[in-house]
Amino acid sequence: MKLNRIEIILASGIYLFVLVLIFSNQVHSEGARYTASLMAYATVIFGAYLAFTQWISPAFFQVRKLDVGIAFTLALFFLVWLGLTCCIWVRDYHRWSGGQFVVHLKRGESLGGASLAFLLLFAYEAVKRLIRYLQHTRSTLATRIGKESLVVLGGGTVVFVMLLAVEEKLAAFWMAVIPYAYLIYALNIYWLLPLKERRLHNFMIYFLIAIGISFVAFIPFGLFFLAFMRSADELYFVLWICINLIMMPLVNLVYQRQKARISQLINLKMELGQTSADLSFLRSQINPHFLFNILNTLYGTALQEKAERTATGIQKLGDMMRFMLHENNQDRILLAREIDYLRNYIDLQLLRTATSQGITVECTIDDALESTYIAPMLLIPFVENAFKHGISLQEKSWIKVSLYESEGKVYFDVHNSIHRKPETDPERRHSGVGLENVKQRLAMLYPDRHDLVIRETTQEFFVHLTIEC
């Protein structure tokens with residue numbers, strides 16, 4: 001249901017309630033003329049409310065047609081002034097200047113009533129705008145308290161006006177209790193109870209602080225109440241005690257339920273996040289396995305066509321992909337697995353250079369002990385760099401790789417020729433990025449437990465790395 005329909009229904013309900021209230025309280029004591037004038041008075045105010053909130057404000061002010069909106073508002077104000085004057089003229093027809101209407105128009109009662117009615121209408125529209133603004137702003141503690149305060153004060157004021165027509169003391173009681181009760185609620189829910197949990201206060205400290213603050217906060221509300229209940233000073237403390245006896249347990253109950261609900265939501269989010277992570281992991285495994293199936297198909301096709309070198313390259317590429325998928329994400333792996341990856345990579349590169357006579361690749365890689373572990377992908381960047389910058393199909397080139405283990409240390413050497421890429425080669429700008437990455441990883445993973453020496457001339461590039469595993 002739209003907001004304007006809810007407004008009309010609530011306003012109509014209040015209007016009918018006021019009519020019934022006027023009729024039941026005045027018909028037997030003041031006479032039919034007086035009752036009819038009050039009911040007409042309420043009808044004029046209700047009509048002004050409908051005209052302003054349902055037509056003038058949305059049709060002109062909300063679309064920035066201020067000049068037309070002001071003109072219609074002034075016209076409505078004069079109509080309300082005239083209507084209220086008619087109501088008063090009917091009520092006091094036999095008292096004032098032979099019933100002359102102009103005399104009543106000049107009196108301040110109808111003008112004051114019209115001014116007060118429009119002042120309330122403007123305040124009502126301002127509160128509506130403020131609520132809509134808060135609804136569209138980012139949800140914070142301040143906006144939440146603002147929304148709750150507007151609801152409490154707005155609803156409390158409406159009920160206060162209705163009770164004021166019935167019993168003045170009952171209205172004063174309502175207006176003193178409701179805002180103070182919400183103040184106690186807000187102070188405890190948003191400040192005192194969270195403070196108690198953050199600082200690990202026991203219940204007695206919290207209770208003493210809460211009681212002291214609630215007593216000080218009650219002073220203006222209590223004075224407002226006593227202003228209407230002039231002969232009931234003893235009710236001040238009774239009222240304060242009764243409100244706190246009701247609000248304190250209620251606030252603690254609401255806070256504990258909110259805390260349990262928030263904890264449940266956090267657990268649900270964690271479970272949802274874990275489920276999403278599991279789904280993402282399963283999804284991430286689908287694509288590599290699909291590629292493995294394609295590689296197996298290509299491997300079988302190469303064997304059928306008796307392309308043994310191609311089949312061997314596909315098989316080694318598949319082994320390297322499995323290494324990247326299953327072991328590259330671990331913190332430490334067996335040195336033997338790192339060596340297998342190195343050998344597969346070198347063998348793939350040899351397939352490319354096997355037919356070139358001027359390229360020499362020498363590899364002396366010893367098998368590692370099964371108890372030796374190393375961080376993955378620390379050695380391969382140096383070999384990749386050697387094949388990237390040390391191989392030329394037009395010039396004589398060489399690469400020498402040596403790897404062995406002794407007394408808990410790994411010794412790794414790469415020696416290669418250098419063939420500079422031309423300035424127009426797009427790969428030239430990315431040169432050295434992989435080596436810088438390895439240097440940073442070595443500094444973080446093996447601080448004071450590694451030795452890296454890199455030397456470069458115009459024709460050669462040399463790397464020596466020692467790691468204490």
Side-chain angles (χ1 to χ4, degrees), residues 288 291-292 294-296 298-299 301-303 305-328 333 335-368 374-404 410-422 425-438 441 452 454-456 459-465:
L291 292 176
F292 290 147
I294 295 296
L295 289 176
N296 288 332
L298 295 174
Y299 176 73
T301 302
L303 289 178
E305 296 178 353
K306 298 182 180 181
E308 296 182 359
R309 293 177 60 229
T310 303
T312 302
I314 293 173
Q315 183 181 19
K316 293 184 179 298
L317 178 60
D319 293 338
M320 293 175 65
M321 289 179 60
R322 287 186 178 89
F323 176 89
M324 296 294 293
L325 176 64
H326 299 296
E327 296 175 85
N328 186 41
I333 63 171
L335 177 59
R337 293 294 297 136
E338 183 81 1
I339 290 175
D340 290 341
Y341 185 85
L342 270 177
R343 285 172 174 166
N344 285 329
Y345 178 80
I346 294 173
D347 290 342
L348 274 178
Q349 294 294 337
L350 288 176
L351 290 176
R352 179 171 67 96
T353 62
T355 58
S356 300
Q357 299 296 325
I359 299 176
T360 303
V361 178
E362 298 179 5
C363 294
T364 306
I365 301 178
D366 295 344
D367 292 333
I374 191 173
M377 301 298 290
L378 277 180
L379 307 180
I380 190 64
F382 298 108
V383 180
E384 288 179 345
N385 186 74
F387 277 97
K388 182 177 180 181
H389 300 287
I391 295 296
S392 173
L393 299 179
Q394 290 79 30
E395 302 177 27
K396 187 176 181 180
S397 309
W398 71 89
I399 295 177
K400 297 179 182 180
V401 180
S402 172
L403 174 63
Y404 65 95
V410 175
Y411 299 91
F412 180 61
D413 296 295
V414 178
H415 182 205
N416 60 273
S417 58
I418 293 180
H419 300 281
R420 300 293 181 185
K421 294 185 180 295
D425 193 325
E427 289 293 327
R428 183 180 178 90
R429 69 187 66 179
H430 301 293
S431 178
V433 176
L435 297 183
E436 290 298 324
N437 191 336
V438 174
R441 291 185 64 205
L452 177 62
I454 298 178
R455 294 173 183 166
E456 180 179 1
Q459 296 181 342
E460 295 180 331
F461 191 87
F462 177 78
V463 175
H464 172 75
L465 174 61

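Remember, it's a predicted structure, so these values are computed and weren't measured experimentally. Below, each value reflects all heavy atoms present in this structure, side chains not excepted, and no hydrogens, waters or symmetry copies.
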Going through the checks in order, is the side-chain contact (heavy atoms from CB on, under 4.5 Å) test met by F382 and L342?
-> CA-CA 10 Å; F382 298 108; L342 270 177; over 6 Å; no
Which atom pair, heavy atoms only, marks the closest approach of M377 to R441?
-> O-NH1, 3.2 Å
Under the salt bridge (charged side-chain N to carboxylate O under 4.0 Å, His left out) test, residues paired with D367 that sit two or more places apart | R343
Spacing of NE2 belonging to H415 relative to NE2 belonging to H464, to within rounding of 0.5 Å = 14.0 Å
Closest non-hydrogen atom pair between I418 and E456, with its separation = CD1-CG, 3.7 Å
Heavy-atom closest pair, residues L435 and P381 = CD2-O, 4.3 Å
Distance, nearest 0.5 Å, that separates CG of N416 from CD of Q459 = 12.5 Å
Kindly write out the residues that satisfy ring pair (Phe, Tyr, Trp, His ring centres under 6.0 Å) with Y341, not counting sequence neighbours, or none if the list is empty.
-> F323
Please assess N385 against F461 for the test side-chain contact (heavy atoms from CB on, under 4.5 Å), listing each intermediate value before the final yes or no.
-> CA-CA 10 Å; N385 186 74; F461 191 87; 3.8 Å; yes
So, the side chain of T364 versus the backbone of S402: is there a donor-acceptor pair under 3.5 Å, distance only?
-> no
Taking all non-hydrogen atoms of both residues, which atom of I339 and which atom of D366 are closest, and how far apart?
-> CD1-O, 3.5 Å
Could you walk me through whether V438 and L379 pass the side-chain contact (heavy atoms from CB on, under 4.5 Å) check?
-> CA-CA 8 Å; V438 174; L379 307 180; over 6 Å; no
When every non-hydrogen atom of A386 is compared with those of V414, the smallest separation belongs to CB-CG1, 3.8 Å
Not counting sequence neighbours, which residues clear salt bridge (charged side-chain N to carboxylate O under 4.0 Å, His left out) with E460? List them please.
-> none
State, yes or no, whether a side-chain contact exists between L465 and L378 at a heavy-atom distance under 4.5 Å.
-> no
Just say parallel, tilted or perpendicular for the rings of Y345 and F387, cut-offs at 30° and 60°.
-> perpendicular
The side-chain contact (heavy atoms from CB on, under 4.5 Å) partners of E362 (sequence neighbours excluded) come to T360, K400
Main-chain N/O of I359 paired to S397 side chain as donor or acceptor, under 3.5 Å | no
Which residues satisfy the salt bridge (charged side-chain N to carboxylate O under 4.0 Å, His left out) test with D340, sequence neighbours excluded?
-> R337
CD of Q349 to CD1 of I391, rounded to nearest 0.5 Å, is 8.0 Å
What's the shortest heavy-atom distance between A375 and E338, and which atoms?
-> O-OE1, 4.5 Å
List in chain and number order the residues that pass side-chain hydrogen bond (donor to acceptor under 3.5 Å, both in side chains) with D347, two or more places apart in sequence or in another chain; answer none if no residue qualifies.
-> K316
